[in-house]
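Heads up, the thing below is written out as structure tokens.
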Amino acid sequence: MIPVERDTHSAPFFDAAARGELLLRYSPSSGEWSEPAAVVCSVTQAEDLEWRPVAGTGELVTWTVKPGRDAPDTVVGIVELTEGPWLTMWLDIPPGELREGLPIRVGFVRPEGGEPLPIGGLDGERG
Amino acid sequence: MSTAIAGLGMTELGKVYGRTAGEFAVEAISRAVRDAGLTLADLDGLLVNPGVANDTDLRLQSTLGMRNTRLLATVQGFGSSAGQMVQYASLAIDAGMADVVACVYADAPLTEGRSAGASYQGLKRAMRGLGALPAAAGLKAAPERYAVAARRHMHAYGTTSEQLGAVAVAARQWAVRNPQAQMRTPITLEDHQSSRMIADPLRLLDCCLVSNGAIAIIVTSADRAESLRQPPVHVWGWGQAHPGYVNRRGSEFGLVSGAARSGPEALKMAGVSVRDIDIRELYDCFTYTTVITLEDYGFCAKGEGGPLAASGALGPGGDLPTNTGGGELSSFYMWGMTPLSEAVIQARGHGGERQVAKHDLILVSGNGGVLDFHATLVLGSHRKGT
């Protein structure tokens, strides 16, 4: 994974991630959740988004496996979180076990020199 | 009022080294102007679409010695840029703002001794903030970003890798007949299936080429075009649709592209139906892009693009000739100028060995981002409505 630096918008997200907590954007006026990068509500375009913690569970929507030439394969997927937003993350799951709808639990990993980034693992309780 | 494409200029395309995008752009425009039977002094409009090397800009105007410029802009709609430029040029000409507009795409990402993949990592993005998460996780270059889209299509509609392979085989069959194509050795479905995995489910032969070079076209009024050197290629209709996918439950990402709205708009403006289209020149950055675009334009039902490709309809002699120069998969990758230039060649009847017999109406697509941007043109070898 490539290190990512924080900016003003992402600071609360990365602070929470360092505690192992996933934050999403929530719009009180619409009651809808949006992805962390969102600046307006992804359903109503309302501008009242605020950070709120979520459980960090979801299902696999789609993925790809990039063969590593002299390194391990990269497994990356789009996860639909239980609250609705999609989040792209590195997957710590063997390629043979990947399927649409696979239950995922979001954790975090910190690449050297960057902020903690979401990583998807098999959700044993729901799998 | 109506407009037409009166000139086409193409440089040598592909592994052509030692020249900048700006130098390619000058050559392409100069060739396009000559092709039309005009001179550089006739140009009063210039639209520039820089590629990933991003070193072509408005200074091209002074490089070309233009002193009567009434329309000048860079257009960056990525793969939809070529279609967009024809649209803006046509609007400007119809409004009386300009008479003769050159539209150019130029890029030089390839360096000698460096692989195409290494040369083409897309536009550089800062790895800062949450917008960088997908790239940090591994969805960075186009193949992996299209791979997740293609896999969604496969899940939803049962599209298979073999069906995608049929798109690649058909494109190569056309390229064999195109002297300007980079890849002219025939391929089989087995070649596709055994080609190296780039980003599962996309294999090497699902991916377009990377090319250096430039292509320019000249847009002018239909009346003026009729007095010029080449058979005019009339602009019948156009559309744009940029889906603005949101990353959330219910997103149509991978399933439906901007073509679903842009296509019907363009056909409506042209006053024709999809059944009237003789030739399809579709943006095929990946085999999957051809499949979803055919569906969204209505050449088959949603989900039937794969079976349609597997039927052989897209290749030479098929019922729905598509990407008749070999497309971006097998001829050259000049973003939206690949399908547009081939449409001009076919509409004029200059396709040589690959010329499609009936070439009255041609649908041209431009697709940018990861299905994020879309432009459509309907072009005709006769004046609109005739």
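First the proteins, then the strands, lettered A, B, ... as listed; each starts at 1.
Nearest heavy atom pair, residue B:I198 against residue A:P67, reads O-CD, 3.5 Å. In terms of heavy atoms, B:G131 sits closest to A:A37 at N-CB, 4.3 Å.
If you measure heavy-atom distances from A:P118 to chain B, the contacts under 4.5 Å come from the side chain alone. Contacts of A:L87 with chain B are made by side-chain atoms alone, with heavy-atom separations under 4.5 Å and no backbone atom involved.
Across A:P95, A:P85, A:G84, the residue that shares the most heavy-atom pairs under 4.5 angstrom with chain B is A:G84. Of the residues considered (A:V65, A:V75, A:V43), A:V65 shows the highest number of contacts with chain B, using heavy-atom pairs under 4.5 Å.
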Note each donor-acceptor pair with a separation under 3.5 Å, taking one atom from chain A and one from chain B.
from	atom 1	to	atom 2	distance (Å)
A:I2	N	B:A136	O	3.3
A:E5	N	B:M127	O	2.9
A:E5	O	B:G129	N	2.8
A:E5	OE1	B:R128	NH1	3.1
A:E5	OE1	B:R128	NH2	2.9
A:E32	OE1	B:R248	NH2	3.3
A:W33	O	B:R248	NH1	2.6
A:E35	OE1	B:N247	ND2	3.2
A:E35	OE2	B:N247	ND2	3.1
A:S42	OG	B:R248	NH1	3.0
A:T62	OG1	B:V148	O	2.7
A:W63	O	B:R151	NE	2.6
A:T64	OG1	B:D200	N	3.3
A:T64	OG1	B:D200	O	2.7
A:V65	O	B:D200	N	3.0
A:K66	NZ	B:G138	O	2.9
A:K66	NZ	B:E144	OE2	3.2
A:E80	OE2	B:R249	NE	2.9
A:T82	O	B:R249	NH2	2.9
A:G84	O	B:R249	N	2.8
A:W86	N	B:N247	O	2.8
A:W86	NE1	B:R248	O	3.4

